[in-house]
Amino acid sequence: MSQLNKYKRFTITSALPYANGPLHIGHLAGAYIPGDIFVRYLRLKKKDVVYVCGSDEHGAAITIKAKKEGTTPQAIIDKYHEQIKDSFEQFGIAFDIYHRTSSPIHHELSQEFFLNLYEKDEFIEKVSEQYYDEDFDQFLADRYIIGTCPNCHNENAYGDQCEKCGTSLSPTDLINPVSTLSGKPPVLKPTKHWYLPLDKYQPWLEQWIDTKEGSWKVNVFGQCKSWLKQGLQPRSMTRDLDWGIDVPLADAKGKKLYVWMDAPIGYISATKQWAIDHNKDWKLYWKKQADEQDNACLIHFIGKDNIVFHCITFPSILHAHGEYILPQNVPANEFLNLEGDKLSTSRNHAVWLHEYLEELPNKQDELRYVLTSILPETSDSEFTWKDYQARINNELVAILGNFVNRVMILMHKFYEGKVEAETDRIELTDTALNAELGGYYDEIEKNLEAYRYRQALQAVMDVARLGNRYLTEKEPWKAIKTDPEGAKQALHNCLLLIGHLATCAQPFLPATAKKIIGMLNWPNEVIPYDQEIYFNNGHQLNPPSLLFEKIEDEVIERQLQKLQAKKEAAAPKSADVQPAKENINYETFTTMDIRTGTILTAEKIAKTKKLLKLTIDTGIDERTIVSGIAEYYEPEAIVGQKVSVLVNLEPREIKGILSQGMILMAEDSTGKLSFVAPADEFHNGSVIR
């Protein structure tokens, strides 16, 4: 029996996009196409479901963008909220409401949550030293501070996380921190904040998350277990900011709620607004009911960078509050790469959704198909324009579109588009065909309910393959001369297969399914999954039209040239060079012992993506160094590489390995690394001065 039958209603969320920039295909593949497919499926199963999302309009990212563009945070959020909302609508993401966290209803609900926890003494109130920019006379949010990551030595790590190695940080963890406002080192000043005691909730979290083993994706469950293994620490739920939701306490003037306190509450406030607009009871979708069997099923669709907030922080907030349901599943996807490189908003290396909709009009389903085919469900995947072209031409056009078009043309050629038989109701008569079709339906439903969309879509295409195979076997264009009744029956069976194809394709290719239903001349634009598929005798089909058109080489070449132009525009320029650090005296410099060396062995460190374990001949010894260069160099390719090594760096344990030194690397503004080594052949141990 389907697990969905356990629940009377469903609350489905997709991650709130930051209103500081447009959407790209990585966003779609992470949180929105999976959520939309699942919701459409639930609706076809006639489930009571609300699908909510909205713009996340608070946090440091918004204010940083405003400062860069010389405008206000309000102007930024108004601009991008409308652009994002419009892109979602054009692309057909079927939200019940697309809300915004700047709304009064959201501010009120977030403050209510904070006060609920505050009055229960759930917060730890403490004064701590935090970084302060004296030039700008303000405390610095985590993202206003950059410095060197203590884990991988990335010099552009943020105060809350290193985006190169993924380590969660506090601003005081950074080496050589610098304010992004003034470009100067900040000072530490005392300030009071309210902390959520995640360590207090850890035993409960461990027990709760253990119940999800086997039902949550392995990548999600594994990341949660890793966070818990590290040990949770109290996390500040307030910030010293001038943009956001006011902390509703008399002694908290000038302080705002931490964005990860208020953003997930945006799901609830969006539902509340939807309920007001549609005369519904929002509590049925979020609050625990007297009978536990009446609780809604809450599912969050997100990208992997949001796992910790949706699986640890937000559940802890809901648990501390006590009145709200917890997520039954958080089917997070990994990252989508683009043309051999990471998607990057800062380098403009992306396929922006609003540009796609303008440049490739009426090809929403084509992009949905390609992205669903390559969804990064448990590991990173890659989008390329050549693959986009191949999947559309060789699959959508040649398989699905070809089957529908051939059958419709033959029906109009032989019968003027009229479905006629001796019975009042024309149904699928081939038992073998019916059995195979039923198997594909089972595959689609089983995989959709396990969040395996790639496999579910494959089963939909297998229905089209089944139709093509059946049509080729029956050859009604030949049989009509020798067995006209058999030819008609074969074409009727193919028509009924097309009806089933439209039904099961609806969650994935909604616009295409609607076109097919229109050609079949059925009265409703949507076919529920339990609806019988048949034709009444004498039914008249509408004229055929092509579902898809081939993507020509010049279309792809334009997109590739556009990406290349962006890449060249984003290439490092002198303006991208980081400012010089503070002067040091000569005596300090002479304390650094930098030597030439040679890499003797190199191997990847298990369960990491960034780190290599290197054995280096420094001329004075052979030593182990852990280096975060695995993204740029394969281990076997760098054995024998000459390097420069800081040999008197204090040893440090990284992933259980004692690292004794640091290899010097050059890094450009894109993050690309290159070895720093003498141009001439020097023996190992030569001193670099």
Side-chain angles (χ1 to χ4, degrees), residues 1-15 29-45 47-52 201-229 232 264 267 285-286 288-289 291-319 324-334 372 375-379 442-459 507 529:
M1 178 184 287
S2 167
Q3 289 295 304
L4 300 184
N5 292 333
K6 291 168 52 180
Y7 302 100
K8 292 183 178 178
R9 63 192 67 85
F10 293 81
T11 306
I12 311 298
T13 76
S14 281
Y32 306 109
I33 285 180
D36 186 69
I37 290 171
F38 192 71
V39 165
R40 287 177 182 274
Y41 171 67
L42 290 176
R43 290 174 181 158
L44 293 171
K45 299 283 282 186
K47 300 296 182 182
D48 181 356
V49 55
V50 59
Y51 184 25
V52 300
Y201 309 133
Q202 177 150 351
W204 167 79
L205 278 166
E206 288 176 344
Q207 186 177 19
W208 176 65
I209 287 173
D210 280 345
T211 67
K212 304 302 181 183
E213 186 172 12
S215 61
W216 283 14
K217 288 184 177 183
V218 291
N219 54 318
V220 178
F221 184 78
Q223 191 176 130
C224 291
K225 295 293 284 185
S226 176
W227 274 86
L228 292 168
K229 186 178 179 180
L232 301 179
Y267 301 137
Y285 298 88
W286 277 100
K288 296 175 183 176
Q289 303 303 303
D291 183 351
E292 195 173 308
Q293 299 299 315
D294 289 338
N295 286 350
C297 178
L298 173 61
I299 302 173
H300 297 305
F301 286 91
I302 58 168
K304 71 175 180 182
D305 50 338
N306 286 335
I307 289 175
V308 65
F309 301 109
H310 286 78
C311 297
I312 291 180
T313 308
F314 190 41
S316 294
I317 292 170
L318 296 174
H319 171 70
Y324 286 81
I325 59 174
L326 299 172
Q328 291 297 325
N329 216 313
V330 186
N333 276 357
E334 300 289 297
T372 305
L375 283 178
E377 292 175 343
T378 55
S379 60
D442 290 343
E443 281 294 303
I444 293 165
E445 296 196 25
K446 179 182 71 176
N447 284 305
L448 280 176
E449 292 181 22
Y451 313 104
R452 295 189 296 260
Y453 302 106
R454 294 165 71 155
Q455 290 174 249
L457 180 60
Q458 180 67 35
Y529 259 48

| query | Rounded to the nearest 0.5 Å, how far apart are CG of D36 and OH of Y453? | reply | 10.0 Å
| message | What's the separation between atom CG in L42 and atom OH in Y7, rounded to the nearest 0.5 Å? | response | 12.0 Å
| query | Got a donor-acceptor contact below 3.5 angstrom from the R454 side chain to the L375 backbone? | reply | yes
| Is it true that a side-chain atom of Y32 and a backbone atom of A15 form a donor plus acceptor pair closer than 3.5 Å? | yes
| query | Any Lys/Arg nitrogen of D294 or R9 sitting under 4.0 Å from an Asp/Glu carboxylate oxygen of the other? | reply | no
| Nearest heavy-atom pair of W227 and L232: which atoms, and what distance? | O-CD2, 4.0 Å
| field | N/O donor-acceptor pair under 3.5 Å between K217 side chain and A332 backbone | value | yes
| Of the non-hydrogen atoms in P376 and A29, which two are nearest, and what is the gap between them? | CD-CB, 4.0 Å
| request: Please report the shortest heavy-atom distance between N333 and G30, naming the atom on each side. | output: CB-O, 3.7 Å
| Where is the tightest heavy-atom contact between E334 and N219, given as atom of each residue plus distance? | OE2-ND2, 2.7 Å
| task | To the nearest 0.5 Å, tell me how far L4 CG sits from F38 CZ. | result | 5.0 Å
| message | Before you tell me yes or no, could you show the steps for K47 and Y41 under side-chain contact (heavy atoms from CB on, under 4.5 Å), namely the whole-Å CA-CA distance, both residues' side-chain angles and the distance that decides it to 0.1 Å? | response | CA-CA 9 Å; K47 300 296 182 182; Y41 171 67; over 6 Å; no
| request: Working to the nearest 0.5 Å, report the span between OH of Y324 and CG of L298. | output: 12.0 Å
| field | Test item: S226 side-chain N/O and G222 main-chain N/O as donor-acceptor pair under 3.5 Å | value | no
| query | Can you check whether N447 reaches L457 side chain to side chain, under 4.5 Å on heavy atoms? | reply | no
| message | Assess, by modelled atom type and distance only, whether the side chains of Y285 and D48 contain a donor and an acceptor separated by less than 3.5 Å. | response | yes
| said: Does the plane of the ring in Y267 sit parallel, tilted or perpendicular to the ring in H310? Use 30° and 60° as the thresholds. | reply: tilted
| field | 4.5 Å side-chain heavy-atom contact, Q293 and K8 | value | no
| message | For L205 versus S316, what's the shortest heavy-atom pair and its separation? | response | CD1-OG, 3.4 Å
| task | For the residue pair V50 and F10, establish whether any side-chain heavy-atom pair is separated by less than 4.5 Å. | result | no
| note | Smallest heavy-atom separation, W208 atom then C311 atom, equals CZ3-O, 3.5 Å
| said: The test is side-chain contact (heavy atoms from CB on, under 4.5 Å); show your working for Q202 and L228 and say whether it passes. | reply: CA-CA 7 Å; Q202 177 150 351; L228 292 168; 4.1 Å; yes
| Sub-3.5 Å donor-acceptor pair from the side chain of N295 to the main-chain atoms of Q289, do we have one? | yes
| query | Given side chains that start at C-beta, do those of S215 and F221 come closer than 4.5 Å, heavy atoms only? | reply | no
| query | W286 vs H300 aromatic rings, parallel, tilted or perpendicular, using cut-offs 30° and 60°? | reply | tilted
| request: Tell me, with the steps shown, if I307 and V330 meet side-chain contact (heavy atoms from CB on, under 4.5 Å). | output: CA-CA 8 Å; I307 289 175; V330 186; 5.7 Å; no
| How many angstroms lie between atom CD of Q455 and atom CD of E377, to the nearest 0.5 angstrom? | 7.5 Å
| Roughly how far, to the nearest 0.5 Å, is the CD atom of Q328 from the CH2 atom of W216? | 9.5 Å
| Taking atom types as modelled, is there a side-chain donor on E445 or Y529 under 3.5 Å from an acceptor on the other? | no
| Stepwise side-chain contact (heavy atoms from CB on, under 4.5 Å) test for K288 and I325 | CA-CA 5 Å; K288 296 175 183 176; I325 59 174; 4.2 Å; yes
